[in-house]
Structures are given as structure tokens and as C-alpha cells.
Protein chains: 2
Amino acid sequence: MVTLSDVAKEANVSKMTVSRVINHPEQVTPELKKLVIQAMEELDYHPNSVAQALVNNRSNVVEFVTLEDIDTTEPYYMNLLFGFAKGLAKKQYALQLVTDRTKIEQSNADGYLITGARNGDYELFDQLKKPFVLFGENHRGFDFVDTDNKAGTRMATEYALSRLYKHIIFVGIDLKEPFEYSREAGYINTLQKRQLIPQIYRVSNHSHSAQSLIKKMYQDFKKDTCFVCASDRIAVGIIRELENQGAKVPDDFGVIGFDGVFLDQVSSPKLTTIRQSIFKMGDLLAGMLLQKIAQSGSPQGEVLIEPTLVRRGSTR
Amino acid sequence: MVTLSDVAKEANVSKMTVSRVINHPEQVTPELKKLVIQAMEELDYHPNSVAQALVNNRSNVVEFVTLEDIDTTEPYYMNLLFGFAKGLAKKQYALQLVTDRTKIEQSNADGYLITGARNGDYELFDQLKKPFVLFGENHRGFDFVDTDNKAGTRMATEYALSRLYKHIIFVGIDLKEPFEYSREAGYINTLQKRQLIPQIYRVSNHSHSAQSLIKKMYQDFKKDTCFVCASDRIAVGIIRELENQGAKVPDDFGVIGFDGVFLDQVSSPKLTTIRQSIFKMGDLLAGMLLQKIAQSGSPQGEVLIEPTLVRRGSTR
DNA sequence: TTGTATGCGTTATCAT
DNA sequence: ATGATAACGCATACAA
């Protein structure tokens, strides 16, 4: 293993100048700097992050916390996780996976990325001693990254109208959470701009719940209706039951999902959906968290990422 | 932060006795041991794993490497990952996610868990300088954990026979890999024991490939046939196309999948499948890898985990 | 059996 | 601007 000392010897300087070249390059003269950099390359030196961690009283580890108790291994979160991991790798950070909220502070992690937070969870956050960032909209001043949910449903609704569906119905998730309110708002605003009356149903975020809804209400739905959904799961359930009822998708009914992760592709027909850049958001969150740690907890703000409309077979 | 010294002071001993109580408890007298343990609990002492890592020349980080270039965020791998993470947590280890094989040795990880290895990958392994374990059957002497693939397809085949399907067809994955050979063997052996003739098709591991197969061959398949599949993806594709052709599942045709992760539940009808205990295997692999690291590379052997048959709507 | 001294690789502090 | 020293928390080697 090549250490600071090795580089120092090679460059005929002290360890400290080498350390400074790495951490405070402006404090060392260009000549020496050049010598040191040359030596580092020659020896293929890489700082030992464990030793760095020790002096800095850090662990170089952060936690990826999943609070939502649904199946945590679903592709949606996993894209986030891989994006997050990519962001961490840039700074030699590693991660630990936590699904049990009581174990959050067990390890000596430097910070947390928290996903799946619900209204009831916020008290928990106030007690956290280490920096954290959230994945998911909130309006309590916690740093977060999320999709621009309002823009997403606006895009979906406008697209449905442009495909000449006469009635646009929103099927949301029956959760009193900010992301759901935003998605409903995007739909409502778009319809109202055109003097149309919003019509909203809410179901739990499972395909069979959506399926039940359609089964029960099928008679009430007229042809030329497009369902704008708050998730791909819901969209998949709607399509399934529409077809069970003998309806034609996308000709009689259109269906637009929200998420664009995995389910949209295994569905048949493939889903028109609002695709979230989950991977990218994970990467971003890693950057925010690491910066927050480096700056001992300074606020990082709120970031909304524009989703994209993916046109496929579930709309005409 | 509570350190060794703090505990030492509290217990009126030197740092070393405290250290020994942790690492070599047999070397210290019961009386002192009791004192030290009491002090540790009183102060709620937890060893600083970073400092431990530094003296031991380790990082307390391992890599989770995914070589297969399919969508790496699919639930199958994610269950493994969460099981692995659980196993690591027991020893305060963290992980890094790697999907780019050229980056495996970039970090200073202590070892690797490698998944999705194919025949062409084995040369790579010989060059690895750190301990590693594989997820997936191999016969080149590398330590691994896998499902007992042969037992799995044996169970599936026997179950199909017990449900009085007259013809049992195996639809495998067209890969020349050990796990596939084992799955085929389990099927073949079971049929031969009963003097029945095996009939095998192979497709790529995507639902639409399986769908194409059925579309092309549908005329050749008699009623009362059960398809024993090498994956749930394949099973889902088969069901979809059978129903497109107007056949009745499970009455006319039975379908049995293999994996039991996610897809089997979103399928309709839900899949009868051979469920692998992926999460458990991940946990196990973590234990093996950590032990291998602790024992500086000692072989850990090969472990086969019995899968379970899940009976559901795709068989009668 | 227990304690002392030393070092792991790095950085902050203080002196030059 | 550069260097010597000490310190982070722990464990190995050696001494008592």
C-alpha cells in the first residue's frame, strides 16, 4: 500500500506538503505542487479513506433508510438506491441498508437518506443527530429531492386531451401526503384551465385495488375516457379490469401511469406513463447529503426534477 | 464518543485489558472481565469500527458486484442485496454497489460478493486480490451459494404429475450455464424415473420470448400439458400467450414458474412457482464472505438452499 | 495475566 | 510556504 510518506519521500518533501496538495492545494507553491503530483501519479497513490475517516471523526458510511413498509425491494426504490450508490462512489462513501426505523441510529453512519417518509414520521426526524436528506416532497423545511409531481400530471392530462379523449378521470392514491396532493393539483389545474370538471377517485396503491374500482364502477364510465393515474400499479390494474370487461385499450379507454419503472414495460399493452428519473435523483441526493455532511449540516434546499412523458400503447 | 480509554478508566484497568475483553476474552481473568463488561455497559461503549479498520488494514466495506447486464434493479437481485446487507450489518460492515466490472478493484473494499457470473467471467476472478464469494452455482471450486436447482425442478415436475397433467414440457433459458443444466436435470431425472420422455424448449429469459414460442408452437401442444419453466418471466409469457390463443389456464394447461420474486404475484392468475429464498441466501453469503475475510481467504465451500413449492392459480 | 510502548495513515496545530 | 509533532481509537508485540 502506497502512503503519504511514500509520496513524500519520492518528492523529497514532508508528509504535510503532500497532505496539503490534496486538501489545501492553494497553500503550496506551484513548483512543489507539481513535484508532489508527479510523485503521486508515479506511485499510483490513493488516499486511505479509513485513515481520513479516523482523523475526521467520520465513518465514510451513510444509511439508506426505507420507512415505507411495502415491499422495499421494488424496482422503484432500487433505481434510487443504485443512483445513490453511484453518487456515493464519487467520494469513496459506502452505505448501509436500513428498513427498521428503530435501527437508524445504531450504526455510526455520517448521515441518512430517508425514503418513504409519511406524515407521522416527522417527529422522528427532529431527534436525528446526524445530517439527513429526504427523497420525497415535504413542506416542513427538510431538504428533499422529488419529481415535479404537479408538472407530471399536468403533462399527462394535457397529453390525454391532445389524444382527443373526451373525459379525463384521475385515479389517485388514498394517502394524505404532499406528493399525492401535488399530483392531484396538476390534474385539476389543467382541467380547470379548459373549463372542464375534475373527477377524482382514490384507491390504495395496488393493482387489485384499482381493478376493484373499475369492476364496481364500469357502468358509469363512458367511452372516450382517459384515466390519469397516480402510479403505474394503479394503471396496470385499471387496464386489466377494462379488458376483463371487454373494453378496448387504447381505443375506447386510455390509461396513463406514473413512475415509469419496470411495471410499465411488463404491462400489456405497454404503458403510456410519466417517467420519473429516479436514478438521477438518487445520484443527486448522494451529492446533497455528502455536501451537507461536509458542511456539518448546512441546509441544501429543495429540488424538483422534471419527469418525462413516455408515449406507448395504453393511449391512442 | 466513548472510547477504550474511557472504559479503562471507569474499570480501573489499562486500555489493553479492555481491548482483550473484546478480542481475546479467554486471556483475561473472570473478575476483571466482569468489571470491564460492567463499565462498557455503563458507558454504553461501542468499538469505533473505523479505528479497528485502520489497525487491521481493512476498510469494513465490501462490494456487491452485479455482472449480468440485464436490468440490475430487478427484485430478484434486490432481495439478495437486502439479505446481504442484513448479514453485513451484524458485523458493522457497509457495502458499495458495482455494476461496471472494470471498477471492481477501484475501491479499497475488503472483499466481493459477485452475482450474475457467466462462463466468460472466470478469468476475471483469478486476478482478484481480495476474497470473494459467488451467488450462483459453479463447478470450478469457487465458494458459492445457490438454490438447489435440481431439487426445484424435481419438485415442480412431481407436482405437475400429481395434478394429473399428462404431458410435462420444460421451457428453459438458452444459456449454457450450470444453473440451467441443473434445472434441466431435475426435470429429466424425474420424468425418466417414471418412464416418461422429456421434451425441452429453450428461450431467452424474457416473457416475450416465451410468448413467441407458444405462438409458434401452439398447435403442437395438447391439452393437459403442464409447462415447467426455468423462470417466472418465462412462465408469465407462456400464460399470456396461452390465454391469447383462447386456452384455459390452469384447466387445459398448467404453468409452473421458478424464482418466486415479485413477478409471480403481479401475474394473473398468480403463479404456481418454485420459490427461492433469495433473501436468506444473501444473508448467508454475507456471513461466508466476512468469515473468509477474517480468515484471510480460507475456502468456505458450496451451499445449496432448498427452494419451496408455492401452489397457486396457474396449476389446477 | 496485565500493562507499556509503538504504529496504522492521515490531518490540525503550532513553530520555523 | 513548509515542516515537526501530536492526536484520532484501537491492537500487536513485547515487558513485567
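Convention: sequence-line order gives letters A, B, ...; per-chain numbering from 1.
Nucleotides of DNA chain C lying under 4.0 Å from heavy atoms of chain B occupy a range whose first and last members, 5' to 3', are dT1(C) to dG9(C). Chain A approaches DNA chain D within less than 4.0 angstrom (heavy atoms of the protein), and the contacting nucleotides run 5' to 3' from dA1(D) to dG9(D).
Under the rule for a salt bridge (Lys or Arg N to Asp or Glu O under 4.0 Å), the partners of Asp143(B) that lie at least two apart in sequence or sit in another chain are Lys292(B).
In this structure, the separation between CD on Gln52(A) and CD1 on Ile22(A) is 7.0 Å, given to the nearest 0.5 Å. Atoms CG and CG, on Asn57(B) and Asn48(A) in that order, are 7.5 Å from each other to the nearest 0.5 Å. Atoms OH and CG, on Tyr122(A) and Asn138(A) in that order, are 4.5 Å from each other to the nearest 0.5 Å.
If you look at Phe132(B) and Phe142(B), their ring centroids are closer than 6.0 Å. In summary, the aromatic rings of Phe84(A) and Phe135(A) are positioned with their centroids too far apart to meet the 6.0 Å limit.
Contacts between residues 10-34 of chain B and DNA chain D, defined by a heavy-atom separation under 4.0 Å, are made by Lys15(B), Met16(B), Ser19(B), Asn23(B), His24(B). Within residues 45-63 of chain A, the residues approached by DNA chain D to less than 4.0 Å at the level of any non-hydrogen atom are Leu54(A), Val55(A), in residue-number order.
Side chain to side chain, Asp100(B) and Thr102(B) meet the donor-acceptor criterion of an N or O pair below 3.5 Å. Counting only N and O atoms by type, the side chains of Gln96(A) and Ser107(A) include a donor and acceptor under 3.5 Å apart.
More than 12 heavy atoms of other residues, nucleotides or ligands sit less than 6.0 Å from atom NZ of Lys130(B).
Using a 4.5 Å cut-off on side-chain heavy atoms (C-beta onward), Thr3(B) and Met1(B) make contact. Counting heavy atoms from C-beta on, the side chains of Leu97(A) and Leu81(A) come closer than 4.5 Å.
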Can you give me every donor-acceptor pair (side chain of residues 28-39 of chain A, partner residue at least two apart or in another chain, under 3.5 Å) with its distance?
residue, atom, partner, partner atom, Å
Lys33(A), NZ, Pro25(A), O, 3.3

